[in-house]
Amino acid sequence: MNKWDKRFMELAETVATWSSCYQENRHVGAVVVKDKRILTTGYNGAPEGITSCAERGSCLRRDRNIASGTMQEVCYAVHAEQNAIIQAAKLGVSLQGATIYVTHQPCVICTRMILNSGIKRVIYKNGYPDEFALQLFAESNVEIIKFENLENN
């Protein structure tokens with residue numbers, strides 16, 4: 001692992017602290033980089049103009065007892081990876097050939113967005129219960145690497 005990988009993952013962890021999800025939930029951060037330059041960032045939280053779970057004082061998913069990794073559509077939050085890709089679209093920034101550093105393995109919805117965004121490399125730190133997402137990465141030309149395994153590449 002090189003110093004840049006470490007720096008960008010540390011930045012993703014910092015960005016995760018900006019999450020507007022309820023305090024007991026996963027706080028996820030993402031940083032999209034190309035040629036050692038930050039293109040966009042994202043964290044999980046409610047869309048613009050929508051009251052977040054942190055502001056509501058509870059989590060809709062927890063209140064409804066929805067298991068992690070399932071029914072992602074029943075949530076106020078937009079995922080960190082989605083927000084990073086959306087930010088690029090809003091700003092007119094191409095993600096072609098970029099790397100995304102994310103604190104958690106992408107879910108299948110984020111995976112599909114990553115596959116179509118032009119991002120070519122995903123580095124994640126923590127696991128997520130979504131084997132189908134990993135299957136899609138395995139079938140694609142997008143490389144996915146667990147952060148702790150970087151030194152082996």
Side-chain angles (χ1 to χ4, degrees), residues 1-23 25-56 59-61 68-69 71-130 132-150 153:
M1 159 183 349
N2 68 49
K3 68 180 180 182
W4 289 101
D5 290 324
K6 188 172 187 292
R7 287 175 178 169
F8 291 131
M9 186 57 75
E10 287 171 352
L11 182 56
E13 290 174 323
T14 297
V15 171
T17 67
W18 305 341
S19 171
S20 66
C21 287
Y22 193 61
Q23 61 194 3
N25 288 353
R26 227 178 246 113
H27 290 186
V28 181
V31 178
V32 183
V33 174
K34 186 172 182 182
D35 300 326
K36 299 180 186 172
R37 302 279 185 243
I38 298 165
L39 301 177
T40 63
T41 63
Y43 54 89
N44 56 328
E48 288 184 38
I50 304 298
T51 304
S52 72
C53 289
E55 294 167 323
R56 294 171 194 271
C59 171
L60 176 66
R61 294 178 59 78
S68 181
M71 297 176 59
Q72 288 100 336
E73 70 279 4
V74 182
C75 184
Y76 288 107
V78 178
H79 288 189
E81 304 93 320
Q82 295 169 12
N83 272 323
I85 292 168
I86 291 165
Q87 183 182 43
K90 284 176 76 171
L91 299 174
V93 174
S94 172
L95 303 182
Q96 194 66 40
T99 296
I100 187 168
Y101 293 83
V102 63
T103 57
H104 293 74
Q105 174 204 311
C107 73
V108 69
I109 295 168
C110 292
T111 297
R112 291 189 295 240
M113 291 180 69
I114 289 166
L115 296 180
N116 279 349
S117 71
I119 291 170
K120 291 299 177 196
R121 191 167 174 244
V122 177
I123 298 173
Y124 71 95
K125 190 163 189 180
N126 302 297
Y128 185 74
D130 195 331
F132 186 53
L134 294 176
Q135 178 185 332
L136 290 178
F137 277 119
E139 292 180 29
S140 76
N141 62 350
V142 175
E143 183 179 19
I144 184 165
I145 304 166
K146 188 157 186 180
F147 183 69
E148 68 188 28
N149 297 335
L150 272 176
N153 287 326

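Index from 1, following the sequence.
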For this session: Applying salt bridge (Lys or Arg N to Asp or Glu O under 4.0 Å) between Glu13 and each of Arg7, Lys6, Lys125, report the one that passes.
Result: Lys125
Problem set entry | Distance (rounded to the nearest 0.5 Å) between Cys110 SG and Asn83 CG | 9.0 Å
For this session: Taking all heavy atoms of Thr103 and all of Ala16, pick out the closest pair and write down the distance.
Result: CG2-CB, 4.2 Å
Exercise. What's the verdict on side-chain contact (heavy atoms from CB on, under 4.5 Å) for Phe137 and Ile114, showing C-alpha distance, side-chain angles and the deciding distance?
Worked result: CA-CA 10 Å; Phe137 277 119; Ile114 289 166; 4.2 Å; yes
For this session: Start with the C-alpha distance between His79 and Met113, add both sets of side-chain angles, then the distance that settles side-chain contact (heavy atoms from CB on, under 4.5 Å), and finish with yes or no.
Result: CA-CA 11 Å; His79 288 189; Met113 291 180 69; over 6 Å; no
Seminar exercise, completed: Of all heavy-atom pairs linking Gly97 and Lys120, the shortest is CA-CG, 3.7 Å
Seminar exercise, completed: Heavy-atom nearest pair, Gly127 first then His104, reads O-CD2, 4.0 Å
Exercise. Is the backbone N or O of Leu136 less than 3.5 Å from a side-chain atom of Arg112, with the two atoms forming a donor-acceptor pair by type?
Worked result: no
Seminar exercise, completed: Interatomic distance, NZ@Lys146 vs CD1@Ile123, rounded to 0.5 Å, equals 13.5 Å
Problem set entry | Tyr101 and Asp5: CA distance, side-chain angles, deciding distance, side-chain contact (heavy atoms from CB on, under 4.5 Å) verdict | CA-CA 8 Å; Tyr101 293 83; Asp5 290 324; 2.5 Å; yes
Seminar exercise, completed: Rounded to the nearest 0.5 Å, the CG atom of Leu115 sits from the OG atom of Ser140 at a distance of 4.5 Å
For this session: Output, in order, the C-alpha distance, side-chain angles, deciding distance and verdict of side-chain contact (heavy atoms from CB on, under 4.5 Å) for Cys21 and Arg26.
Result: CA-CA 8 Å; Cys21 287; Arg26 227 178 246 113; over 6 Å; no
Seminar exercise, completed: Looking only at heavy atoms, the pair that brings Ile145 and Asn149 closest together is CG2-C, 4.3 Å
Problem set entry | Cation-aromatic face contact Arg56/Tyr76, 6.0 Å, 45 degrees | yes
Exercise. So do Val122 and Pro106 actually touch side chain to side chain, heavy atoms under 4.5 Å?
Worked result: yes
Exercise. For Glu48, does the CD atom sit with more than 12 other heavy atoms under 6.0 Å from it, leaving out its own atoms?
Worked result: no
For this session: Locate the shortest heavy-atom distance separating Gln82 from Ile109; write the atom from each residue and the value.
Result: NE2-CG2, 3.4 Å
Seminar exercise, completed: Value for CG (Leu60) from CG (Asn25), rounded to nearest 0.5 Å, stands at 10.5 Å
Problem set entry | For the student: nearest non-hydrogen atoms of Ala133 and Gln105, plus distance | CB-NE2, 4.0 Å
Exercise. Is there a donor-acceptor contact under 3.5 Å from the side chain of Ser52 to the main chain of Gly45?
Worked result: no
With a cut-off of 3.5 Å and sequence neighbours excluded, list every side-chain donor-acceptor pair involving residues 28-43.
| from | atom 1 | to | atom 2 | distance (Å) |
| --- | --- | --- | --- | --- |
| Lys34 | NZ | Gln96 | O | 2.8 |
| Thr40 | OG1 | Ala84 | O | 3.0 |

Problem set entry | Test side chain to side chain donor-acceptor pair (under 3.5 Å) applied to Ser19 - qualifying residues, sequence neighbours left out | Asn44
